[in-house]
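Within every chain, numbering begins at 1; the chains are lettered A, B, ... in the order of the sequence lines, protein sequences first and strands thereafter.
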There are 2 protein chains.
Amino acid sequence: MLQSEISDILKEFNLKVTPIRTTVLNVLVHSDVALSHADITDKIGDESVDKVTLYRTLNTFNEKGLIHKVATEDRNWLYAIMLKSNKIPVSEHDHAHFICNSCEKIFCFPVSQHTQSGIASIKEGFKVLEQEIRLHGICPACQ
Amino acid sequence: MLQSEISDILKEFNLKVTPIRTTVLNVLVHSDVALSHADITDKIGDESVDKVTLYRTLNTFNEKGLIHKVATEDRNWLYAIMLKSNKIPVSEHDHAHFICNSCEKIFCFPVSQHTQSGIASIKEGFKVLEQEIRLHGICPACQ
DNA sequence: CACTATTTGCAACTTAGTTGCAATGGAGAT
DNA sequence: ATCTCCATTGCAACTAAGTTGCAAATAGTG
């Protein structure tokens, strides 16, 4: 993905284009798994980013619907962008997370309407507005 | 539920019967929603329990499969027991959590095999071993 | 270029949860 | 009932993730 496309995404979400935001978004766009604050810090590597700034950047992205947060089993946050095939991020309320028991990576992908409908009326009297499905197992790379 | 039944559950899970465990299990058994460490401390009230002991008690219960932990959106742990109709706890890998957007209570209930099957093969190459479904919405009491 | 609102960096703080260790106590054996 | 051993408990100090306040820097607009 070109640098200009990263900028375009930021502009589309009404965010000022800054070096940090570009760097962070770039990392997220090129990852197929959800990343923690520490993962992102590592990936950025050299030109170290202040931890507070990174938290704020991620929270801003999340508030604008550009990425979303997943709380892990060990009570950390993971952050992931969801891109449609055309590389434009979509904000999605209904999605699934697959957590690999072996490598502990978290994969994130949308869930079909068809799969959702089966769950929608689980219990009398509970009005379901959005949902997340967490799957634990073994990812293709670890099998 | 009688005090002797609480003891029986502990024994059944190979846990020594102690006053603290009895108290904590009693609180969990009588709650229809998942409780945080702080919730449990509050419910116990007077005869204050050391926070470390409570964490250890909850983790022990969790390891033995007597209760299970849910990570909340605000990165706290909630703890819940799952009872079958006959009031014997079941250790269940596949279950759903319903989080009320209004009162923020978390309800926990098993998911039918039928509902599960729809999700099991979401993505090629991912071997699903267990799953959790999170539903966000409005609980009956808040409608 | 100049101006303003937003973003960034630093230091200090908060809070959930953990670790180490000594004291206590449950429950099976005698 | 008492002894003994090992699991459990309580306390203090610690860790680590994430937040807050504030001053300095900077994007974007005219």
Result for 5'-nearest mapping on DNA chain C, choosing between A/Lys51 and A/Asn14, is A/Asn14
Can you tell me if B/Asn59 touches the phosphate of C/dG17, counting only side-chain N or O atoms and a distance under 4.0 Å to OP1 or OP2? no
To the nearest Å, how far apart are B/Ile20 CD1 and D/dT9 P? 5 Å
Flag the pair B/Ile67 / B/Leu58 as yes when at least one side-chain heavy-atom distance between them is below 4.5 Å, and no otherwise. yes
Result for 5'-nearest mapping on DNA chain D, choosing between B/Thr60 and B/Asp50, is B/Thr60
Ignoring hydrogens and angles, state whether a donor on the side chain of A/Thr23 or A/Asn26 is under 3.5 Å from an acceptor on the partner side chain. no
Whole Å only: how far is the CG atom of B/Leu58 from the P atom of D/dT9? 11 Å
Given the side-chain rings of B/Tyr79 and B/His68, with only the six-membered ring counted for Trp, is the space between their centroids under 6.0 Å? no
Distance-only donor-acceptor test, B/Arg56 side-chain atoms vs C/dG17 base atoms, 3.5 Å: no
Tell me if a side-chain donor or acceptor on B/Asn62 pairs with a main-chain N or O of B/Asn59 at a distance below 3.5 Å. no
Does A/Ser31 reach the main-chain N or O of A/Val27 with its side chain, forming a donor-acceptor pair under 3.5 Å? no
Round to a whole Å and report the spacing from CD of A/Glu63 to P of D/dT19. 10 Å
Rounded to whole angstrom units, what separation is found between the CZ atom of A/Arg21 and the C1' atom of C/dT8? 10 Å
Are B/Asn76 and C/dG17 close enough that a side-chain N or O sits under 4.0 Å from OP1 or OP2? no
Rounded to whole angstrom units, what separation is found between the CG atom of B/Leu15 and the P atom of D/dT8? 7 Å
For the pair made of CG in B/Asp42 and C1' in C/dA16, what is the distance, rounded to whole Å? 15 Å
Any side-chain N or O of A/Thr18 less than 4.0 Å from the OP1 or OP2 oxygen of D/dT26? no
For atom NZ of B/Lys16 and atom C1' of D/dT4, their distance in whole Å: 11 Å
A/Leu10 has an atom CG; how far is it from atom C1' of D/dG28, in whole Å? 14 Å
